[in-house]
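Reviewing the structure listed below.
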2 protein chains.
Amino acid sequence: MSVTREKIMELGEDLIRTRGYNAFSYQDISSELGIKNAAVHYYFPSKESLGTSIVKTNMQRFEEMVENLQSRNFDEWSQLETFMKIYVKSNRELKLCIIGSLGPDLNTLNESIRSELKKMTERILQWLSCILKNGLEKGIFSFKGDPKDRALLIFSNMVAGLQLARILEKTDFKAIHQAILDDLKP
Amino acid sequence: MSVTREKIMELGEDLIRTRGYNAFSYQDISSELGIKNAAVHYYFPSKESLGTSIVKTNMQRFEEMVENLQSRNFDEWSQLETFMKIYVKSNRELKLCIIGSLGPDLNTLNESIRSELKKMTERILQWLSCILKNGLEKGIFSFKGDPKDRALLIFSNMVAGLQLARILEKTDFKAIHQAILDDLKP
DNA sequence: AAATATACTTACTAATAAGTAAATTCCAAA
DNA sequence: TTTGGAATTTACTTATTAGTAAGTATATTT
């Protein structure tokens with residue numbers, strides 16, 4: 001794998017998560033990396049190919065985290081906390097998550113990014129409801145209603161939590177983070 | 001008030017809520033309204049002036065709703081439901097709310113839009129926590145923790161609920177809507 | 001009737017966008 | 001030592017962007 005290619009993807013993801021998909025250009029990337037505009041097009045012929053790769057990589061990272069958690073036999077509470085730590089870190093770095101960044105731009109994105117984003121969102125919600133369901137059965141969690149609905153509520157708390165923290169200029173994510181966990185305590 | 005000016009603001013808001021701030025242009029507005037680009041600049045010299053006006057109008061509409069609810073002596077449950085209906089309607093119209101649309105673009109917006117957006121977000125959260133606090137004291141609602149934190153959770157559910165519904169291509173907002181209300185039932 | 005203000009259009013500018021074709025540099029294998 | 005491919009730059013195109021200066025038609029006021 002090319003180092004330049006990796007740097008482009010890393011910077012592209014940063015730009016999407018700080019400024020949004022439609023607010024960054026290949027120039028932003030090339031000037032920051034000290035290369036020319038055309039060099040970015042060499043690795044990613046179109047902006048949509050770059051966007052699609054970034055979302056795919058994000059999903060791979062999520063899958064790696066899931067596998068890691070399973071292999072270490074973490075209980076549901078720890079698994080949820082590990083997942084939530086990703087958002088705590090995002091907030092500290094003043095970044096949104098990729099889903100919360102690209103979601104509002106969805107109607108301006110091509111089918112390839114859209115479907116990857118949908119796939120990733122469905123996968124996260126599926127994983128989260130599974131954790132919640134198992135945790136509920138084991139008595140680790142306590143909540144009303146269907147685990148699927150609960151997963152949607154918790155996930156939307158995290159996605160918009162980052163956005164609202166940015167608007168409100170809150171550097172800590174504690175309020176939402178703690179409230180979600182308190183809600184789930186038996 | 002000029003009809004053209006109102007049409008520009010209405011269309012501008014629609015564009016922000018469907019495609020995002022950085023994805024719409026004065027051309028989009030002028031061609032749709034059958035006027036020239038410069039005519040839009042006549043009413044709103046800069047895009048930031050248009051954006052700021054749109055956010056201010058949104059906040060005015062919110063304040064009008066609040067006053068209306070208070071004058072009619074609605075109980076807390078009905079007040080919350082009325083507020084949530086705005087989001088149900090947004091979802092039906094395939095639009096995000098203005099806060100969820102502009103939040104991710106915040107770093108690309110000028111100070112004027114930013115501060116208006118912050119003011120509006122703070123005002124909504126303040127109102128919502130007040131409703132929750134009063135409803136809790138009257139026994140209309142039941143929830144754990146501070147009303148302020150609860151307001152943040154519920155509001156983030158609505159903001160990201162619209163975004164996730166768009167990504168997942170869900171035309172109904174029922175799951176989130178119902179789960180929020182069920183959670184608050186005594 | 002003359003002056004003024006409102007609501008635009010015409011006709012532009014300068015900057016930036018994504019994207020491309022062709023040339024070039026550089027390194028490794030044959 | 002030549003050949004070939006990978007990684008880039010050069011130099012460009014076409015389209016779109018926000019924004020502006022100057023002009024015009026229409027209505028309103030003086």
Side-chain angles (χ1 to χ4, degrees), chain A residues 1-55 101-102 104-114 116, chain B residues 1-56 101-102 104-114 116-117:
Chain A
M1 266 282 188
S2 156
V3 172
T4 305
R5 192 190 144 94
E6 274 172 13
K7 280 184 183 170
I8 292 169
M9 283 190 63
E10 200 182 323
L11 185 52
E13 183 180 325
D14 269 17
L15 287 165
I16 289 174
R17 293 172 60 194
T18 51
R19 303 174 54 83
Y21 185 82
N22 291 311
F24 92 89
S25 71
Y26 271 31
Q27 252 73 4
D28 292 333
I29 290 177
S30 59
S31 64
E32 175 75 29
L33 297 184
I35 55 177
K36 298 295 163 184
N37 166 37
V40 186
H41 279 283
Y42 171 73
Y43 290 102
F44 300 98
S46 65
K47 202 177 171 183
E48 74 178 66
S49 66
L50 174 57
T52 307
S53 292
I54 289 170
V55 179
S101 302
L102 293 177
D105 291 332
L106 202 80
N107 291 337
T108 73
L109 305 175
N110 63 296
E111 193 46 41
S112 153
I113 304 188
R114 278 192 209 201
E116 283 303 320
Chain B
M1 267 282 187
S2 157
V3 172
T4 305
R5 193 191 142 94
E6 274 171 13
K7 280 184 182 169
I8 291 169
M9 284 190 62
E10 200 182 321
L11 186 52
E13 183 180 325
D14 269 16
L15 287 165
I16 289 173
R17 293 171 60 193
T18 51
R19 303 174 54 83
Y21 185 82
N22 291 311
F24 91 89
S25 71
Y26 270 32
Q27 251 73 3
D28 291 334
I29 290 177
S30 59
S31 64
E32 175 75 27
L33 297 183
I35 55 177
K36 297 295 161 183
N37 165 39
V40 186
H41 279 282
Y42 171 74
Y43 290 101
F44 300 97
S46 64
K47 202 177 170 183
E48 75 179 65
S49 66
L50 174 57
T52 307
S53 292
I54 289 170
V55 178
K56 279 186 176 166
S101 302
L102 293 177
D105 290 334
L106 204 80
N107 291 336
T108 72
L109 305 175
N110 63 296
E111 193 46 41
S112 154
I113 305 188
R114 278 191 210 203
E116 283 303 320
L117 203 62

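Chain letters run A, B, ... following the sequence lines, proteins first, then strands; residues in each count from 1. Reckoned from all heavy atoms, side chains included, excluding hydrogens, waters and symmetry mates.
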Problem set entry | Base versus backbone protein contacts along nucleotides 9-25 of chain C [heavy-atom cut-off under 4.0 Å; B, S, -] | BB------SSBB-----
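When the shell of 6.0 Å around CD of A:Glu6 is examined, it contains more than 12 heavy atoms from other residues, nucleotides or ligands.
As rounded to whole Å, 10 Å separates atom P of D:dG19 from atom CG of B:Leu50. At whole-Å resolution of the value, CZ in A:Arg5 and P in D:dA6 are 14 Å apart.
For A:Thr4, a side-chain nitrogen or oxygen approaches OP1 or OP2 of D:dT8 to under 4.0 Å.
Cation-pi geometry between B:Lys47 and B:Phe24 is met: under 6.0 angstrom from the ring centre, within 45 degrees of the axis.
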For this session: Please lay out, stage by stage, how A:Ile16 and A:Asp105 fare under the test side chain to side chain contact (heavy atoms under 4.5 Å, CB included).
Result: CA-CA 11 Å; A:Ile16 289 174; A:Asp105 291 332; over 6 Å; no
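The backbone N or O of A:Thr18 sits less than 3.5 Å from a side-chain atom of B:Asn107, completing a donor-acceptor pair.
Screening A:Ser49, A:Ser2, A:Ser53 for a side chain to side chain donor-acceptor pair (under 3.5 Å) with A:Tyr43, the sole residue that qualifies is A:Ser2.
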